[in-house]
Amino acid sequence: MGRRKNSNAAQTSTNSSNGFEGTKIRFQDADDEEAATDSSNLDESIVAIDKATEDVSMGEPDVSFVDCEGDDDKTSADYYFDSYSHFGIHEEMLKDVVRTKTYQNVIYQNKFLFQNKVVLDVGAGTGILSLFCAKAGAAHVYAVECSHMADMAKQIVEKNGVSDVVTVLKGKIEEIELPVAKVDIIISEWMGYFLLFENMLNTVLYARDKWLVNDGIVLPDKASLYLTAIEDAEYKDDKIEFWNNVYGFDMSCIKKQAMMEPLVDTVDQNQIVTNCHLLKTMDISKMAPGDASFTAPFKLVAQRDDYIHAFVAYFDVSFTKCHKLMGFSTGPRSRATHWKQTVLYLEDVLTVCEGEAIVGSMTVAPNKKNPRDVDIMVKYSLSGRRCVISKVQFYKMR
C-alpha cells in the first residue's frame, strides 16, 4: 500500500451519516450544483448498520485507563485556549472548504431560521460564523471566544460594518454573562479530532442549558462516530516498528507508548478492509454532558482476504433543522477535511478472510485528570481460519 499523505500526530485543533440499514443517504447542501460541490463531501454509499449491534447501551463507563507516562501535566488542557490565539490554526480551518462552506450554505440557504433571531456563536474564533449569521438577517449575534483571537474578531466585525449586529465577548462560556436572558439559536464548530478530542462539546451543552429558549435550535444538531479497519503494513512499519532500530540503536521501549497515541492522518479508501460501523450518534439538542462517555459494541466484517493493522475512526455531522438535510463527513471515502481520520494501531497483525468478523467494543471517556484529552479502550476478538485472537488495547488522545 502506498504511503499516505499529510501525516501528523494529534494536536490541538477545532474539529454523521445518519445510518439506516439498507438505505443510501446523501446530504443536499444546495439547490445548485456549484454549492453542492463546494461543501458536502458525503460519499454516495453510506454504511449499512448491523442490526445485531445497533442497539447500544450507553452511559458512563467504569474503566481504569493505563497511564504509562506518570505525572505529565503538559496536555491539551494547558495550552488549549492559547493555541487558538495563533493565526495558523484559524487559517487551516477557514481553508477547509468542506467545513466552512457547509456552515455557510446551512446559514445562507436557510435564512428563515436566522431572520430576526438572537444567535450565540460558541467558540467563535475569527467570527466567520457570526458574520454569516449577520448576513442571513439575524437580529443579533453574540460571538464568544476565550482566546486572544477575540481581539481580532472585534476588529474583523468592525471592518465588515456589522458592529451593530455582532457583539464579540472575550471569555469562557462558563464564566461570561450575556446581555440577554435567552437566545434562539446556538451555532458552534466544536468538533475535534476523533469528534470528541478537546471536549468542547460540553461547553456547547452548558450554553444550551443556560441560554437556549425551549424551542431553540442547536447547529449542528447531530454527530455520529464510526469505526472501520484498514491494511496499513508500510505505514505501521514506518511509525511503530521504526523504534526497533534507530540508526543501529534499540529504542523499542518507545513502541508501547507510540502504539497508545492515535495517529491523525488521511487514510486511502483503498486501504479499507471491512464495513464501516456506527458506534454512536449524539443528538446535541437533547443529550446530557455525560453521554459523551460511552461503551459501544462493533462488528467489522472483512470484505476481502487481507491483513488488518489498525482501526480507523471518523465522524459525520448533520444539520437536520434545515429545509433539506445538510452536513458533511470526515470519512476516508469523502472529500478530505482538516480533521482527517484517527488511526488506532493494533499490536498484532490480524489475518482475515472475506466474511470473517472482528467483534468487540470501544469505550470512550474524557481523561479524568485532563478532560480535554480522550481515553479510549478497545476490546476485540477474531476467530478466523488463519487468525484467532482476543485482546484489549488502550489509547490516549492528547
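Position 1 is the first residue of the sequence, and the numbers go up from there. Everything numeric here is computed off the predicted structure, so don't read it as measured data. Excluded from the calculations below are hydrogen atoms, water molecules and symmetry mates; all remaining heavy atoms, backbone and side chain alike, are included.
Atom NZ of K255 is surrounded by more than 12 heavy atoms from other residues, nucleotides or ligands within 6.0 Å. By the neighbour-count criterion of 12 heavy atoms within 6.0 Å, atom NZ of K170 is densely surrounded, having more than that number from other residues, nucleotides or ligands. Counting heavy-atom neighbours within 6.0 Å of K210 NZ, excluding the residue itself, gives a total above 12.
Sorted by first and then second residue, the ring pair (Phe, Tyr, Trp, His ring centres under 6.0 Å) pairs with a member in residues 92-119 read Y103-F319, Y108-F132; sequence neighbours excluded. For residues 246-271, there are no ring pair (Phe, Tyr, Trp, His ring centres under 6.0 Å) pairs, not counting sequence neighbours.
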Would you check, one step at a time, whether the test ring pair (Phe, Tyr, Trp, His ring centres under 6.0 Å) holds for Y380 with F311? CA-CA 11 Å; Y380 60 94; F311 293 130; 5.4 Å; yes

Does the side-chain contact (heavy atoms from CB on, under 4.5 Å) test come out yes or no for F394 and I376, once each step is laid out? CA-CA 6 Å; F394 297 88; I376 305 165; over 6 Å; no

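A salt bridge between R99 and E189 is present, with a side-chain N of the basic residue lying under 4.0 Å from a carboxylate O of the acidic one. Checked for salt-bridge contact, K154 and E158 miss the test: no charged N lies under 4.0 Å from a carboxylate O. A salt bridge does not link E261 with K396: every distance from a Lys NZ or Arg NE/NH1/NH2 to an Asp or Glu carboxylate oxygen is 4.0 Å or more.
When all heavy atoms of T274 and A229 are compared, the pair lying nearest together is OG1-N, 3.3 Å.
When each of V312, L279, V378 is paired with L227, the side-chain contact (heavy atoms from CB on, under 4.5 Å) condition holds for L279 and for no other. Each of K286, R208, K321 was checked for a side-chain contact (heavy atoms from CB on, under 4.5 Å) with V218, and the lone residue meeting it is R208.
In this structure the side chain of V374 never reaches within 4.5 angstrom of the side chain of Y395, judged on heavy atoms. Using a 4.5 Å heavy-atom cutoff, the side chains of Y142 and V168 are not in contact. Here the side chains of L263 and T342 are not in contact, with every heavy-atom distance at 4.5 Å or above.
Atom CG in L120 sits 11.5 Å away from atom OG1 in T167 (nearest 0.5 Å).
Shown here are the side chain to side chain contact (heavy atoms under 4.5 Å, CB included) partners of K117, two or more places apart in sequence or in another chain: D184, I185.
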